[in-house]
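Quick note: numbers below take in every heavy atom, side chains included, and nothing from hydrogens, waters or symmetry partners. Just follow the structure's listing: the first ligand is 1, and inside any ligand the first atom is 1.
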Amino acid sequence: MKKHIAIAIDGPSGAGKSTLARMAAKKLGFIYVDTGALYRTVGLYALRQGADLKDAGAIGALLPDIRVEMRYDSAGTQRMLLNGEDVSELIRTPEVSMAASNVSALPPVRAFLLDTQRRMAEQHDVIMDGRDIGTVVLPEAQVKIFLTASAKERAIRRWRELREKGIDTDLEAVLRDIEQRDRNDSSRDIAPLRPADDAVMCDTTELDLDASLELIVDIVKQRIADGR
Ligand code: DC
């Protein structure tokens, strides 16, 4: 069986992982896998059930009733299905972001989603973004990038993105949200957000989108060439 190439992009919320990973995937002819969307889908289900989002037992008990599927439309865009319902847009609200951050700290949820992620990497050349891709999900990935930017810059980017979608929030609230999620994601016991030892660190605070993309594509090409 042909061994597929995997590129892991980890980093905190709002560092530009999904936008850059999607663009880089297109450039390199890889499939882009947004793993945050998996946690968001579980978070949405838990919210709908009114469950305690920090209770591993309660959330774990819901998991057998959840079918999370990733599909790709004709434009190559990832769609998320929750028990057959397309929830791709519904999972993008600030409320679901926080729910995802909470449920993602629970061991049964991480175990539940691990196989889905690994299966994608077994079947395709992937660029996968998340928090623990280089450390836990795909420790053998040929390229690992840890993407960061200052919390302030990430908040500004997320705020602009939400406004473009017609979601009206103030910048301070978005910054507080980002800092809270950073704390949640970095301090949890299981699969905390941290760079893999062999990750390349990329800080995009001072870089625009084109420069960030160029940096990432260069790193990928260099690493793949070195590996040959
Ligand atoms: O990347 P995102 O903002 O869509 O992710 C939503 C939440 O899911 C985030 O707060 C942390 C969690 N997450 C995770 O724990 N592990 C991943 N591989 C991806 C996301």
query: Got a salt bridge between Arg194 and Asp132, using NZ or NE/NH1/NH2 to carboxylate O under 4.0 Å?
result: no
query: Do NZ/NE/NH1/NH2 and the carboxylate oxygens of Glu179 and Arg181 come within less than 4.0 Å?
result: no
query: Could you give the distance from OG (Ser212) to CG (Leu147), rounded to the nearest 0.5 Å?
result: 7.0 Å
field: Spacing of CG belonging to Leu138 relative to CD1 belonging to Ile7, to within rounding of 0.5 Å
entry: 11.0 Å
- prompt: Considering only heavy atoms, which protein residues lie less than 4.0 Å from any atom of ligand 1?
  reply: Thr35, Gly36, Tyr39, Arg40, Ala100, Ser101, Ser104, Arg110, Gly130, Arg131, Asp132, Ile133, Arg181, Asp185, Arg188
Distance-only donor-acceptor check, side chains Asp218 and Gln222, under 3.5 Å: no
message: For a quick check under 3.5 Å, do Asn184 and Ser101 share a side-chain donor-acceptor pair by atom type?
response: yes
